[in-house]
Amino acid sequence: DKYPSSCLAQCQAYYKAVYCSLGFLMNITLDKTEAVKSSALVITRTVLPYIDKQTDVQERVIGCLSHVLPLSNEATQHFLKDTGRYGAIL
């Protein structure tokens, strides 16, 4: 084995935490509340780094973005500015 089992366990725990957190965020952003609208840019900046991860994580990131980008021009502009970095995935 190339990696010790403790490292693999930590990686799996990290992945599970990210995956679950993104699922929770998707559920929260379903409601178009004022809190979600005012946090759209922060949410966009937070989830974008995970868009190049595994497919199921990508799906949750795109789900979050599909909820928040229509709510904020600023978040949409930030996403479009960073599209060059993520364009191959999208």
Side-chain angles (χ1 to χ4, degrees):
D1 275 334
K2 192 173 175 180
Y3 301 104
S5 59
S6 63
C7 179
L8 292 176
Q10 288 175 355
C11 291
Q12 290 172 346
Y14 173 78
Y15 166 79
K16 188 174 182 178
V18 168
Y19 183 79
C20 292
S21 298
L22 287 169
F24 181 64
L25 193 56
M26 277 183 60
N27 289 336
I28 290 173
T29 57
L30 275 172
D31 292 332
K32 308 302 188 242
T33 64
E34 198 56 43
V36 172
K37 290 177 186 176
S38 64
S39 301
L41 179 60
V42 173
I43 293 168
T44 301
R45 287 180 176 159
T46 302
V47 301
L48 273 179
Y50 297 100
I51 204 164
D52 62 346
K53 304 302 178 202
Q54 294 173 326
T55 303
D56 48 352
V57 171
Q58 287 177 0
E59 290 171 353
R60 289 192 173 199
V61 169
I62 291 169
C64 290
L65 292 172
S66 73
H67 296 163
V68 299
L69 290 180
L71 304 177
S72 168
N73 288 334
E74 190 177 17
T76 303
Q77 290 301 316
H78 177 76
F79 173 75
L80 292 174
K81 184 181 81 175
D82 279 357
T83 300
R85 200 163 60 164
Y86 305 110
I89 296 165
L90 302 173

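Computed over heavy atoms, backbone and side chain alike; hydrogens, waters and symmetry mates excluded.
Two residues are said to be in side-chain contact when any heavy atoms from C-beta on lie closer than 4.5 Å; I51 and L65 meet this criterion.
For L71, the side chain to side chain contact (heavy atoms under 4.5 Å, CB included) partners at least two apart in sequence or on another chain are K32, V36, K37. Under the side chain to side chain donor-acceptor pair (under 3.5 Å) criterion, D56 pairs with Y15, sequence neighbours left out.
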With a 3.5 Å cut-off and sequence neighbours excluded, list the donor-acceptor pairs that the side chains of residues 38-45 form with protein atoms.
from: S38; atom 1: OG; to: E34; atom 2: O; distance (Å): 3.1
from: S38; atom 1: OG; to: A35; atom 2: O; distance (Å): 3.2
from: S39; atom 1: OG; to: A35; atom 2: O; distance (Å): 2.8
from: T44; atom 1: OG1; to: A40; atom 2: O; distance (Å): 2.8

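Side-chain atoms of R60 do not come within 3.5 Å of backbone N or O of M26 as any donor-acceptor pair.
Among all heavy-atom pairs drawn from Y50 and V61, the shortest one is CB-CG2, 3.8 Å.
Residue pairs meeting the side chain to side chain donor-acceptor pair (under 3.5 Å) criterion with at least one member in residues 63-77, sequence neighbours excluded: T29-H67.
In this structure, OG1 in T46 is found 8.0 Å from CG in L25, a value given to the nearest 0.5 Å.
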